[in-house]
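Order of the sequence lines sets the chain letters (A, B, ...), proteins ahead of strands, with each chain counted from 1. Just so it is clear, the structure is predicted and the values come from calculations on it, not from any experiment.
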2 protein chains.
Amino acid sequence: MLTERQLLILQVIIDDFIETAHPVGSRAISKNGNVPYSAATIRNEMADLEDMGFLEKTHSSSGRIPSEKGYRYYVDHLIAPITLKKDVNIIKNIIQDGFFEFEQVVQMSAEVLSKLTNYTSIILGPELYETKLKQIQLITLSDHTAVAILVTNTGHVEHRSFSIPPDIKPSDLEKMVNILNERLNGVPIVRLPEMFRTEIAALMKRYINDFEKSYDYLKAVFFNENPVKLYIGGKSNILMQPEFNDVDKIRSFYSMMEREDEIANLLKGSESGIKVTIGHENEVEAIKDFSLITASYHLGEGQMGTIALLGPTRMEYRKVISLLKGLSNEMTDALYLWYKNNE
Amino acid sequence: MLTERQLLILQVIIDDFIETAHPVGSRAISKNGNVPYSAATIRNEMADLEDMGFLEKTHSSSGRIPSEKGYRYYVDHLIAPITLKKDVNIIKNIIQDGFFEFEQVVQMSAEVLSKLTNYTSIILGPELYETKLKQIQLITLSDHTAVAILVTNTGHVEHRSFSIPPDIKPSDLEKMVNILNERLNGVPIVRLPEMFRTEIAALMKRYINDFEKSYDYLKAVFFNENPVKLYIGGKSNILMQPEFNDVDKIRSFYSMMEREDEIANLLKGSESGIKVTIGHENEVEAIKDFSLITASYHLGEGQMGTIALLGPTRMEYRKVISLLKGLSNEMTDALYLWYKNNE
DNA sequence: CATTAGCACTCGCAACTGTTGAGTGCTAAC
DNA sequence: GTTAGCACTCAACAGTTGCGAGTGCTAATG
């Protein structure tokens, strides 16, 4: 168990290191003002803290830096939550504007978030459990090209252009779209592929000649697996961090950022609430030098998406956690309103 | 005027330097096989080439590297065009698939281009002179939210959700959309704002009560200035180039990449055909260490867009120029087909 | 007289050295 | 229990040196 004094010293060291990125020496702590002990006393405590694994040295006579265990303790016990009314309000205003569709809001939030923190923000995007199909439109551009448009109740629009196969009659196309609209209105997006395979296939078989020919085609046009949407903001913020003065590190960071699927997996598992993953606690090799803080937003019980910030282990945990808490609440509220309005 | 031998030596030096990024010494050239002279002779020629400004030394006893003037001469006189059938075909297949809309094709081309070259590709998306409005759709999501969708004859879909102002009646909204569709079908996108201000305003005034209230609102929803679309591929490729082993250079590169408007300007001016801009020939300060190669694609006489590759001045000009030529032809052809089909 | 061999010279680079200063651990005194 | 003092450690930085790649010049050569 740590003594009061040890807690104080640990806190001062971590705060200082987070700010300056330089190892913290006993003299500096003693002069800090909040610690009324001499450098020698502090040295003894620091040695103890190091024995317990909360601190590390970069070399035998350097100042101390926090270990991952140190950060973990700091995050779990030493962070007094602060309110960031101003910062949260910036995002609140974007969300509540009501003028944008939800995806734009998410995108903008990601950007603001990264600007406010100087880290890289990642937002996984509302998942579609509660999103329902509103309407399907088919607009023909010419005799043999058309664009299909899907609109959901959240205002999300998906579209795809395609060539009309020569063996499909325009009247058949129209019929199909009518069937789709009649049957699929209000169906959750996630259930569409299944519905399409069973019910729609049966109906089309009945009403449309030669339906097999167009079935596969139609399926590809309307119900392509829609991948999870990932919004990343401030990729280049990482360059401003002094620990990334190494070109190789930068390279590996960017090459990881390009594997979006892996990042999505990273965030997907995260349960409800705020979760802080520090350094090697991350399972993905590429971000073992980073900390990842995730928060999820909801609609009712179901989880909708995840907001995350990726930065060096030397992260402003206090600020980031407060900010993410605020943002996740705002997004949860906004979602609630959206669906209430669009029911 | 340069002698045959000087040309040969200049070419060998530039080719070698482009490949290895190391200064080229006289001995290496002599051993190259294509230059049947001793190192001493070559040294004399190199000194002359340096006096003429085609070569530079990095320090008093280093090998030579090409100067910008050297690259310029190389590009203008020494590049024998090569055919890159294989590479161009990769892109050709994407373009001709016909399954994708034009913007997707452009996006994919940008990515392939950067993969093939290991430089950063920038495509300034098709300008809209020839793009015409096909249809406007308004889909209401609930009593007070709706999404507006614009479709063009190229299959481009633009959409925007908005809250319906309480003082607009649903029937009025429908009327407006009808008017818009009737009057604006086939009108080039670029002329929309103007048409809207004059003709449409007048019509709406006649048929819709209280039209002023909704006019501004509608205008914002349908005819926001649509910014030039810029597709950038392989931003992180630049990290692979050995000349970018300096964190500051990387920082300045990425911070430039974020000013998309500036990049757009850079490409916009470029006239028809291939244009190579080497180092300080670039007017933008931030890319004075880079070379930019642009090619435009057309529809008939009008220029539609620009494809560009940005890389170090030590660029594989031969390959890049051939590739861009091929791609610009493909895109011009594809555009021609598109519009012919969609007329 | 163009070409080449030879040689002194230059300079970046890497390895090594000495110095400095921040910081530690330990001990003895308060 | 706390602190002052002191010897010790080590990264960082600035010189120093030797090496090697490369040059420019000169004199010899076919």
Side-chain angles (χ1 to χ4, degrees), chain A residues 1-10 12-14 16-17 19-67 70 242-243 245-247, chain B residues 1-10 12-14 16-17 19-67 70 242-243 245-247:
Chain A
M1 196 46 214
L2 296 177
T3 65
E4 273 303 304
R5 193 165 69 188
Q6 284 171 331
L7 288 181
L8 176 64
I9 291 173
L10 181 58
V12 169
I13 290 176
I14 298 184
D16 194 85
F17 184 71
E19 196 182 325
T20 65
H22 294 300
V24 187
S26 54
R27 230 178 89 87
I29 300 174
S30 164
K31 282 195 179 168
N32 166 296
N34 296 322
V35 187
Y37 301 99
S38 79
T41 307
I42 293 167
R43 273 204 289 284
N44 290 327
E45 296 286 28
M46 283 164 89
D48 290 348
L49 284 167
E50 187 181 354
D51 287 343
M52 287 184 275
F54 293 109
L55 296 178
E56 284 173 357
K57 286 191 269 197
T58 58
H59 58 89
S60 77
S61 76
S62 74
R64 304 299 206 290
I65 63 171
S67 67
E243 35 266 272
N245 46 11
D246 176 0
V247 183
Chain B
M1 195 46 212
L2 295 178
T3 66
E4 272 304 305
R5 193 166 67 188
Q6 285 171 329
L7 287 181
L8 178 62
I9 291 174
L10 181 59
V12 169
I13 290 176
I14 297 184
D16 194 84
F17 184 71
E19 197 181 324
T20 65
H22 294 300
V24 187
S26 54
R27 227 178 91 87
I29 299 174
S30 164
K31 282 194 177 167
N32 166 295
N34 296 322
V35 187
Y37 301 100
S38 79
T41 310
I42 292 167
R43 274 204 288 284
N44 290 327
E45 297 287 26
M46 281 166 90
D48 291 347
L49 283 169
E50 188 181 353
D51 287 342
M52 288 184 272
F54 293 109
L55 296 178
E56 284 173 357
K57 286 192 269 195
T58 59
H59 58 88
S60 76
S61 76
S62 74
R64 304 300 207 290
I65 63 171
S67 66
E243 35 266 273
N245 46 11
D246 176 2
V247 183

Applying salt bridge (Lys or Arg N to Asp or Glu O under 4.0 Å), can you list everything that pairs with Glu56(B), at least two apart in sequence or on another chain? none

Rounded to the nearest Å, what distance is computed from the CD1 atom of residue Ile65(A) to the P atom of nucleotide dT24(C)? 13 Å

Separation of dG25(C) atom C1' from Arg27(A) atom CZ, nearest Å, is 17 Å

Can you figure out which of dT23(D), dG24(D), dG25(C) approaches the side chain of Glu50(A) most closely? dG25(C)

Do Tyr37(A) and Ile29(A) come close enough that some side-chain heavy atom pair is under 4.5 Å? no

Short N/O separations, protein against nucleotides 28-30 of chain C, under 3.5 angstrom:
none

Residue whose nearest DNA chain C nucleotide is more 5′ - Gly25(A) or Pro36(B): Pro36(B)

Say whether, by atom type as modelled, one donor and one acceptor occur between the side chain of Ser62(A) and the main chain of Lys57(A) under 3.5 angstrom. no

Integer-rounded Å distance: dG22(D) P and Ile42(B) CD1: 12 Å

Arg5(A) side chain, from C-beta outward: closest of dT24(C), dT2(D), dT23(D): dT2(D)

With distance as the sole test, does Gln6(B) use its side chain to make a donor-acceptor pair with the main-chain N or O of Thr3(B) at under 3.5 Å? yes

Rounded to the nearest Å, what distance is computed from the CG atom of residue Asn44(A) to the C1' atom of nucleotide dG1(D)? 10 Å

Would you find a donor on one side and an acceptor on the other, under 3.5 Å apart, between the side chain of Ser30(A) and the backbone of Ser26(A)? no

When rounded to whole Å, the CG to P distance for the pair Asp51(A) and dG25(C) reads 9 Å

Assign Thr41(A) to base, sugar-phosphate, or nothing according to its heavy-atom contacts below 4.0 angstrom with the strands shown. base

List every contact pair, protein side and nucleotides 4-13 of chain D side both N or O, where the distance is under 3.5 Å.
residue, atom, partner, partner atom, Å
dG5(D), O6, Arg43(A), NH2, 3.3
dT9(D), O3', Ser60(A), OG, 2.8
dT9(D), O2, Ser61(A), OG, 2.5
dC10(D), OP1, Ser60(A), OG, 3.3
dC10(D), O5', Ser60(A), OG, 3.2
dC10(D), O4', Ser61(A), OG, 3.4
dC10(D), O3', His59(A), ND1, 3.4

Answer yes or no: is there a side-chain heavy-atom contact under 4.5 Å between Ile65(B) and Val24(B)? no

Trace of the side-chain contact (heavy atoms from CB on, under 4.5 Å) decision for Arg5(B) with Val35(B): CA-CA 8 Å; Arg5(B) 193 166 67 188; Val35(B) 187; 5.6 Å; no

Mind checking the CG-CD1 spacing from Leu55(B) to Ile9(B)? Nearest 0.5 Å is all I need. 9.5 Å

Please report, rounded to the nearest Å, how far the P atom of dT3(C) is from the CG atom of Asp48(B). 12 Å

Can you tell me the distance, in whole Å, between the CE atom of Met46(B) and the P atom of dA21(D)? 16 Å

Arg27(B) side, atom CZ; Arg43(B) side, atom CZ - distance, nearest 0.5 Å: 10.0 Å

d(NZ, Lys57(A); P, dA22(C)) in whole Å: 18 Å

